Asker: 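Shown below is the structure under consideration.
In the text below, chain A, chain B and the rest are named by the order of the sequence lines, each starting its count at 1. Since the model is a prediction, treat every value here as computed from it, not as a measurement.
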2 protein chains.
Amino acid sequence: MELLVAVARLGSLGRAARELGISQPAASGRMRALERQLGVALVRRSPGGSRLTESGALVTEWARKVLEAAADFDAGARALRGQRDSRLRVAASMTVAEYLLPGWLTALHVRHPGTAVSLAAGNSVAVAAQVASGAADLGFVEGLDVPAGLDAVVIGQDRLLVVVAPAHPWAARRRPLPAAEVATTPLLLREEGSGTRQVLDASLAPHGGPAVPLLELASTTAVKTAAVGGAGPAVLSELAVADELSAHRLVDVPVAGLDLRRALRAVWPAGHRPAGPARDLLGLTRRAAPRR
Amino acid sequence: MELLVAVARLGSLGRAARELGISQPAASGRMRALERQLGVALVRRSPGGSRLTESGALVTEWARKVLEAAADFDAGARALRGQRDSRLRVAASMTVAEYLLPGWLTALHVRHPGTAVSLAAGNSVAVAAQVASGAADLGFVEGLDVPAGLDAVVIGQDRLLVVVAPAHPWAARRRPLPAAEVATTPLLLREEGSGTRQVLDASLAPHGGPAVPLLELASTTAVKTAAVGGAGPAVLSELAVADELSAHRLVDVPVAGLDLRRALRAVWPAGHRPAGPARDLLGLTRRAAPRR
DNA sequence: CTGAGGTCATAACCCCAGCTTATGAGGTGA
DNA sequence: TCACCTCATAAGCTGGGGTTATGACCTCAG
């Protein structure tokens, strides 16, 4: 797939081969194998170079998606390795670690290839502790308050959304749902103790107590899958359901009088302004989501 | 990665191995290799089974993303193969083919594993022609009007968005941008002739002529990359930028008095209501995005 | 018109990653 | 305590995918 994308960009098999550090025949063979496997001509070869087929362009876009996901995987994994000699130690809440950090890390890797990052993921309290104790250089937390003893900057907003499958009655509503109805309707939820759950319960408190679980599932993905399958309404971070919303596999249900937004903050030990790689990463995240 | 996800689900290396059709030692070795490569312990082995590590859970989520992208790639490619004996021939516009169809096809494949689908991608006119001539059983077009001679149903809405990098002045605006300003500001655009470009020009016509290109780029990805890099404002389908928006790599700029929505429609030859596999697929897409 | 420099394809050879089968060691539950 | 599950180790084979060497084809400049 890398080869395919490289060919798309460079317009020549040989050139792409050189970029990937393999020999030209290897590239030729690989391409041929891919085309045979897919049963579709992907590139139009000519002595002047290779151009993508119509189908090839489509396939290339799909391949690019796979490569992006793989790059994120890679960056995340590399950070998790957490050698002690990493020049930048990051601690992040689960949501940030799962959805945002990999992208930042790949971007960081592009700009500063030398930077080794280590990652520790945990809940906001644990992150704060790690940063305060100096075990991490930079932390990312979601929540309403800034942990004591730390300086912080808001780098973005996360919002919990009430989502349902398109076939669910709530999807057809024209007016926002009353918060009280959310409080009384059994919902698909993460297990007790998750950050998502805490924010939800806090928000629902004035509207008739904590959320009522229809099912408690162990992972975000499990909740999503159940919701898409029509098991019931779910409450999830907008980061987790962006894809499903844009493909209309899930529908966002507006709720009246319920503020489920929470700030995403970068934190560091009070006084010690981030420098070096920490500053690079922070710049990246702030460029990506400035305080508005 | 499949192995990792399978282990997460089944709680045992051997069981996962059986599911993937490989031997238990192979699974054991593979896992060990993955852990060595990443430098992180992913599963906690015990004689009673294997449970994911904290890090393992994180890695598994990232892996799942890769696998989803790969499944879409696969489904798309399989459809492109387009053997003549395919039981369902689909024609789709580029946007649908690129962003929506793969997901539908994977879902279809899960529900009806036997169905062979072939795909032809092209602009809306070409899709209409294919469906009308019987070369395709079902078509998907985006646009304002229903092609003559075809029955259609709206399966969703696509919307073009004006997007900028977060550092761009437009990102900080509190009130919607006047449409006239969009018309006069040079934009990052797809090349002339693309559907996106046509819709945009039509919408801008009452506000001071067609869009002014700052750069004309050959692919959606190229436009996106340029926009994220801060080259300027871009106009893209919301489907194309869902990820970037949720990660705040791009910001949606509301525009006053400009309706850039366009319906996504499934079309078929007038009178011939879709049956069999076409009906399955249609059901899938409509379940995913019912007329509201 | 001809030779230089680019394209890609074919052929022959080689290596090692990863599979399989067979076996053993360590827990758990009836 | 024995049957049954877990996972790990060992030994041997296979083939996908790499390499180098070479050749055919096209384009362009002089």
Asker: Checking contacts here: which listed nucleotide (C:dC8, C:dT7, D:dT9) is nearest the side-chain heavy atoms of A:Arg15?
Answerer: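 Of the candidates, C:dT7 comes closest.
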Asker: Ion pair present between B:Arg64 and B:Glu61, side-chain N to carboxylate O less than 4.0 angstrom?
Answerer: yes
Asker: Is there any protein nitrogen or oxygen under 3.5 Å from a nitrogen or oxygen in nucleotides 17-23 of chain C, and what are the pairs?
Answerer:
residue: C:dC19; atom: OP1; partner: B:Arg30; partner atom: NH1; Å: 2.4
residue: C:dT20; atom: OP2; partner: B:Ser23; partner atom: N; Å: 2.8
residue: C:dT20; atom: OP2; partner: B:Ser23; partner atom: OG; Å: 2.8

Asker: Report the distance from atom CD of B:Glu35 to atom P of D:dA8, rounded to the nearest whole Å.
Answerer: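 For the pair B:Glu35 CD and D:dA8 P, the rounded distance is 9 Å.
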Asker: From the options B:Leu239, B:Leu236, B:Val241, select the one residue that forms a side-chain contact (heavy atoms from CB on, under 4.5 Å) with B:Thr220.
Answerer: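 The residue from B:Leu239, B:Leu236, B:Val241 that satisfies side-chain contact (heavy atoms from CB on, under 4.5 Å) with B:Thr220 turns out to be B:Leu236.
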Asker: Would you say B:Asp137 and B:Arg87 make side-chain contact, with heavy atoms under 4.5 Å?
Answerer: no
Asker: Expressed as a whole number of angstroms, how long is the span from A:Leu10:CG to C:dG6:C1'?
Answerer: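 Result: 15 Å.
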Asker: Is B:Ser28 near enough to D:dT9 that one of its side-chain N or O atoms lies under 4.0 angstrom from OP1 or OP2?
Answerer: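 Answer no for this pair, as no side-chain N or O of B:Ser28 is under 4.0 Å from OP1 or OP2.
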Asker: Please give me the minimum heavy-atom distance between B:Leu119 and B:Leu80, naming the atom from each residue.
Answerer: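 Nearest pair, atom of B:Leu119 first, then B:Leu80: O-CD2, 3.7 Å.
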Asker: Quick check on A:Arg44: does its CZ atom have over 12 non-hydrogen neighbours (other residues, nucleotides or ligands) under 6.0 Å away?
Answerer: no
Asker: Tell me every residue that passes side-chain contact (heavy atoms from CB on, under 4.5 Å) with A:Gln198, counting only those two or more places apart in sequence or in another chain.
Answerer: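 Applying side-chain contact (heavy atoms from CB on, under 4.5 Å) to A:Gln198 gives none.
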Asker: Starting at atom CG of A:Leu20, determine the distance to atom C1' of D:dG17, rounded to an integer number of angstrom.
Answerer: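 After rounding, the reported distance stands at 14 Å.
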Asker: Write down the distance between CG (A:Leu34) and P (D:dG17), rounded to a whole number of angstrom.
Answerer: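 Taking CG of A:Leu34 and P of D:dG17, I get 11 Å after rounding.
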Asker: Atom CZ of B:Arg18 to atom P of D:dC5: distance rounded to whole Å?
Answerer: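 Rounding to the nearest Å, CZ of B:Arg18 and P of D:dC5 are 9 Å apart.
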Asker: Give me the residues of residues 41-58 of chain B where at least one heavy atom lies under 4.0 Å from an atom of DNA chain D, by number, or none.
Answerer: B:Arg45, B:Ser46, B:Pro47, B:Gly49, B:Ser50
Asker: Can you find a pair of side-chain heavy atoms, one from B:Val117 and one from B:His109, that are under 4.5 Å apart?
Answerer: no
Asker: Does any part of the side chain of B:Leu10, heavy atoms only, come nearer than 4.5 Å to the side chain of B:Arg18, both counted from C-beta?
Answerer: no
